[in-house]
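Side-chain atoms are counted along with the backbone in the values below, which use heavy atoms only and exclude waters and symmetry mates.
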Amino acid sequence: MDKNFIWGAGTSAYQIEGAFNEDGRSPSIWDTFSHTPGKIERKHTGDVACDHYHRYKEDVKLLAELGVKAYRFSISWSRILPNGIGEINEKGLAFYDHLLDELSQYHIEPFVTLYHWDLPQILFEKGGWLNPQIPSWFEYYVDVVTKHFGKRVRNYITINEPQIVVQVGMHSLEHAPGIIYSTRECLQASHHILLAHGLAVRKIRKNVPDALIGFAPCSDSVVPLHNDPASVEEARKLFFQLRKDNFHVVTLFSDPVFLGDYPKEYYEMYKDVLPKMGKDDLKIISTPIDYCYQNVYTGAYCDVDASGKGYIKDFPVGSPQSNIVWEDVVPETNYWTPKFLYERYHKPIFIGENGMCCHDAVSKDGKVHDPNRVDFMDRYLTELKKVQKDGIPVVGYFAWSLLDNFEWAWGYTKRFGIVYVDFTTQKRIQKDSYYFYRETIKNQGENLR
Ligand code: PNW
């Protein structure tokens, strides 16, 4: 990897902080959801999570020993503004101040995600992402946070995975708030999310003139099974294609942000259910940003039939899988996803999240051996190195995740960490993948081949 490459690791507030009712924090939709029987595997909640709120010093030390230059974490909106808007909770800000102090001691650059799914419950009760006022509520929250941090934080990520917020939170029962909304409502919520993003970008620019800003979508990536021009073209087409009632598609959010408009087919496909839009909305939404962050986990292989048409090929029986249903191991996604995105949006790329869910346990020797995750990181990072060599400006990578944590609807039953967490004792144990990543960072990816 080139010498300025930014090696990082990531987490999010609800998944690690715990201290759910301490120091003035109000509930978010994830508190309500996880306290509702039947929603989360084994009745797990984020009440304690990794107890990071009290153990952040130990966790920052783990980052420092890992050798990362960057730490991506998110801010809990309801810690800062218990009423969603209005009165500021100084104790909430103080927690993040202490975290920033700790990071700066080790020269680790903070990359702050402003929204990682934990909407204040009180705002949900006012309609949440469906209320036309929510873009300005978010703008207010972002104003408070960015003014407060000032020069101490330069890198911001506005919203994490708008796709999952809508598809899994508002179009399925799986994530909070867990209500199935109509297509019209989902499109309206998506539009409000985009507008919230755009207003946030403008606020950040005003408060922190030299800020570097991105947002972190996810996508259903498609990669060509064979590297010939026809297959590549078909994969690209399938990757960017809108599919009706599917809010996972990357272009649904990234086209308005980077290209200033929804894809052409959008207006035809959804002509009866289009969201209400103000006349300047798209201009606000496409306020220029600096980076395209992309969370990359898996992908689908595309093959080409006899007539030259692309189709999604089933995975061969027995192909490598992670320990979570949606994550097949597809290392080439770390090559083609940044390449396709750069060619369409012309923005430098960060891999905002990448990692593997494994069935980890402490061995008799007291260590946590995770050969599948080591192999995953090796293969995925090798593909990333390849795409960088081919001229695509991939500027950084965030391993997901620093810690095993509250994996949303799966509770603590699914582990993505490169550090193992014993959720009874809160003991942290570095896994083999942590040491592999540390080695890779130390030699700047020389070992990747
Ligand atoms: C991301 N999918 O979620 C989130 O940003 C993290 O908070 C989460 O822990 C991590 O990935 C692992 O799940 C995703 O269905 C959820 O493709 C679902 C999908 C992808 C990412």
Side-chain angles (χ1 to χ4, degrees), residues 1 5 7-12 15-16 41 49-50 59 62-63 65-68 70-72 218 221 223 294-299 315 318-335 337 350-386 394 396-408 410-423 427-449:
M1 298 290 187
F5 192 74
W7 301 97
T11 62
S12 92
Q15 294 181 274
I16 65 164
E41 195 75 15
C50 306
D59 295 337
L62 285 164
L63 286 164
E65 281 162 17
L66 181 59
V68 286
Y71 175 46
R72 177 181 171 201
C218 66
S221 296
V223 308
Q294 191 77 20
N295 296 350
V296 178
Y297 287 94
T298 184
F315 286 100
S319 64
Q321 276 185 301
S322 73
N323 186 34
I324 199 162
V325 282
W326 50 265
E327 193 185 30
D328 293 271
V329 178
V330 181
E332 301 90 325
T333 193
N334 244 5
Y335 181 89
T337 305
F350 267 101
I351 302 299
E353 287 178 17
N354 179 232
M356 186 180 190
C357 180
C358 292
H359 196 93
D360 305 307
V362 184
S363 291
K364 262 166 91 178
D365 63 4
K367 298 184 175 159
V368 180
H369 303 292
D370 56 345
N372 292 330
R373 187 179 288 105
V374 170
D375 188 62
F376 179 103
M377 287 188 100
D378 189 351
R379 288 175 190 272
Y380 273 65
L381 282 168
T382 301
E383 292 292 330
L384 200 64
K385 182 173 168 181
K386 204 165 111 198
V394 181
Y397 173 91
F398 288 92
W400 186 270
S401 173
L402 175 67
L403 303 171
D404 289 336
N405 58 43
F406 178 81
E407 180 49 37
W408 307 114
W410 295 98
Y412 302 99
T413 65
K414 301 288 179 194
R415 295 178 183 271
F416 273 90
I418 55 175
V419 174
Y420 180 91
V421 177
D422 178 325
F423 290 104
K427 183 171 177 211
R428 275 82 162 131
I429 303 174
Q430 295 93 328
K431 301 180 192 177
D432 290 354
S433 56
Y434 173 98
Y435 295 110
F436 171 80
Y437 191 38
R438 189 176 74 169
E439 228 12 68
T440 305
I441 295 171
K442 207 188 276 165
N443 65 38
Q444 205 59 21
E446 271 305 309
N447 57 326
L448 305 167
R449 43 186 100 98

Heavy-atom check, side chain of Q430 versus side chain of E65, under 4.5 Å: yes

Nearest heavy atoms of W7 and G445, plus distance in Å: CZ2-N, 4.1 Å

Ring centroid separation W400 to F398 under 6.0 Å: no

Salt-bridge present (D422, K427; N to O < 4.0 Å): no

Closest non-hydrogen atom pair, L66 against A9: CD2-CB, 4.5 Å

Within-4.5 Å side-chain heavy-atom neighbours: M377 and Y397: yes

From CG (N334) to NZ (K385), nearest 0.5 Å: 14.0 Å

OG1 on T11 to OH on Y71, rounded to 0.5 Å: 2.5 Å

Atom of D432, atom of V374 and distance for their closest heavy-atom approach: C-CG2, 3.9 Å

Value rounded to 0.5 Å, distance of CZ in R72 from OG in S401: 10.0 Å

Note, E407 side chain near T413 side chain (heavy atom, < 4.5 Å): no

Value rounded to 0.5 Å, distance of CG in D59 from CD1 in I16: 6.5 Å

Separation of C358 SG from F376 CZ (nearest 0.5 Å): 8.5 Å

Closest approach of L381 to M1 (non-hydrogen atoms, all atoms of both residues): O-CE, 3.6 Å

Close side-chain approach of F5 to L384, heavy-atom, < 4.5 Å: yes

Side-chain donor/acceptor of S322 to backbone N/O of I324, under 3.5 Å: yes

F406 and Y412 aromatic centres sub-6.0 Å: yes

Short side-chain donor-acceptor distance under 3.5 Å, N447 and T440: yes

Side chain to side chain contact (heavy atoms under 4.5 Å, CB included) evaluation trace for V223 with Y335: CA-CA 9 Å; V223 308; Y335 181 89; over 6 Å; no

Taking every non-hydrogen atom, the tightest pair across I441 and G67: CG2-O, 3.4 Å

Nearest-0.5 Å distance, CZ of residue F436 to CG of residue D375: 8.5 Å

Heavy-atom side-chain proximity of N295 to N354 below 4.5 angstrom: no

Residue pair T337 / S221: nearest heavy atoms and the distance that separates them: OG1-OG, 3.0 Å

Full working for side chain to side chain contact (heavy atoms under 4.5 Å, CB included) between D378 and L448: CA-CA 6 Å; D378 189 351; L448 305 167; 3.8 Å; yes

Among K431, R373, R428, salt bridge (charged side-chain N to carboxylate O under 4.0 Å, His left out) partner for D404: K431

Salt-bridge criterion met for R415 and D370 (N-O under 4.0 Å): no

Donor on one side chain, acceptor on other, T333 and Y380, under 3.5 Å: no

Side chain to side chain, W326 and C357, heavy atoms closer than 4.5 Å: no

More than 12 heavy atoms from other groups under 6.0 Å of CD on Q444: yes

